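Owing to the predicted nature of the structure, the values given are computational and were not obtained by experimental measurement.
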Amino acid sequence: MSETVPGRDFVPYEQTHRLRPLLLVTTIVPEGQSGYVIQLNNENEAAICCVCHGKGTISAEMALALSLPTKKEVVFSLIRADRWGVYKGQLAQRFSVSKMAKGIAYAIPVDSVAGISIYKMLTNTRLFEKPISAKGGKKK
């Protein structure tokens, strides 16, 4: 149900504002490394960031022999697709620092979000952003 202002026609949000695609990014790092990933998420304007603890699939004996950690931290975040390239580059740089800073990250596109308010929050759309006109330019 949409509310309309008397004397004004309803115009869908996507016709007056530029839509920004979202990605669900999953980053898996050794235990204790999620702080840096959270910092990168903040720098890249991630709206949501959730850290879960997990355990790798390598056997304890093999991990001990290779000096690899078995405990992992999984960071789930929602970022705009236009920030993915920067975020991925920063992670690649971090993962190349040392054997203990290795990890994996992948992104899954988000097809839809229920509600304009939720979409605005997830894309960090500021309240002062002005709508675009039908021709593609910003309204003044």
Side-chain angles (χ1 to χ4, degrees):
M1 178 167 89
S2 64
E3 295 180 24
T4 59
V5 178
R8 288 166 113 189
D9 292 331
F10 173 75
V11 179
Y13 182 81
E14 62 271 12
Q15 290 182 8
T16 59
H17 291 78
R18 182 178 62 149
L19 294 182
R20 296 180 171 115
L22 289 170
L23 298 173
L24 172 64
V25 178
T26 304
T27 309
I28 304 168
V29 293
E31 187 176 48
Q33 299 289 321
S34 65
Y36 183 78
V37 175
I38 292 169
Q39 178 186 343
L40 285 182
N41 277 298
N42 288 336
E43 290 173 10
N44 288 290
E45 300 180 22
I48 293 178
C49 193
C50 174
V51 179
C52 300
H53 298 279
K55 191 170 183 177
T57 57
I58 192 170
S59 68
E61 296 81 26
M62 182 67 76
L64 185 60
L66 297 173
S67 300
L68 294 173
T70 56
K71 293 183 179 180
K72 305 288 183 186
E73 292 177 332
V74 183
V75 182
F76 298 101
S77 53
L78 279 166
I79 64 172
R80 292 192 324 254
D82 61 336
R83 300 297 303 167
W84 170 242
V86 174
Y87 180 76
K88 185 170 63 169
Q90 291 170 327
L91 279 177
Q93 185 178 8
R94 172 66 176 198
F95 292 163
S96 67
V97 169
S98 76
K99 188 177 181 182
M100 297 307 288
K102 295 288 184 198
I104 184 171
Y106 58 91
I108 302 169
V110 176
D111 286 340
S112 62
V113 175
I116 293 171
S117 296
I118 299 297
Y119 172 78
K120 286 179 178 181
M121 189 260 317
L122 294 176
T123 57
N124 285 326
T125 301
R126 307 294 196 269
L127 293 174
F128 57 81
E129 181 179 271
K130 294 183 180 177
I132 57 174
S133 68
K135 295 179 182 177
K138 291 224 179 229
K139 287 184 180 178
K140 294 183 181 179

### Task
Determine the minimum heavy-atom distance between Ser34 and Glu73, stating which atoms define it.
OG-OE1, 2.7 Å

### Step-by-step side chain to side chain contact (heavy atoms under 4.5 Å, CB included) determination, Val29 to Arg94
CA-CA 11 Å; Val29 293; Arg94 172 66 176 198; over 6 Å; no

### Query
Should Thr27 and Tyr36 count as side-chain neighbours, where that means a heavy-atom distance under 4.5 Å?
no

### Query
Has Lys102 got more than 12 heavy atoms of other residues, nucleotides or ligands less than 6.0 Å from its NZ?
yes

## Note on the structure
Here the gap from Lys55 atom NZ to Lys72 atom NZ, rounded to the nearest 0.5 Å, amounts to 12.0 Å

### Query
When rounded to the nearest 0.5 angstrom, what distance separates CG in Leu22 from CD1 in Ile108?
13.0 Å

### Message
If hydrophobic clusters are built from ILVMFWY residues whose side chains come within less than 4.5 Å, do Phe95 and Val37 share one?
### Response
yes

### Query
For the residue pair Asn41 and Val75, what are the closest heavy atoms and their distance?
ND2-CG1, 3.9 Å

### Task
Examine Ile79 and Ile38 and state if one hydrophobic cluster contains both, with Ile, Leu, Val, Met, Phe, Trp and Tyr joined whenever side-chain heavy atoms are less than 4.5 Å apart.
yes

### Message
Can you see whether Ser77 engages Tyr87 through a side-chain donor-acceptor pair at a distance of less than 3.5 angstrom?
### Response
no

### Query
About how many Å separate CG of Asn44 and SG of Cys49, when rounded to the nearest 0.5 Å?
11.0 Å

### Query
Looking only at heavy atoms, what is the nearest atom pair of Val110 and Leu23, with distance?
CG2-C, 4.1 Å

### Summary
One should read off an interatomic distance between Leu24 CG and Asp111 CG, to the nearest 0.5 angstrom, of 11.5 Å

### Shared hydrophobic cluster for Val86 and Leu40 (ILVMFWY, side-chain gaps under 4.5 Å)
no

#### Entry: Shortest non-hydrogen separation from Cys52 to Phe76 and the atoms involved
SG-CE1, 3.9 Å

## Note on the structure
Between the CZ atom in Arg83 and the CZ atom in Arg20, the distance rounded to the nearest 0.5 Å is 11.0 Å

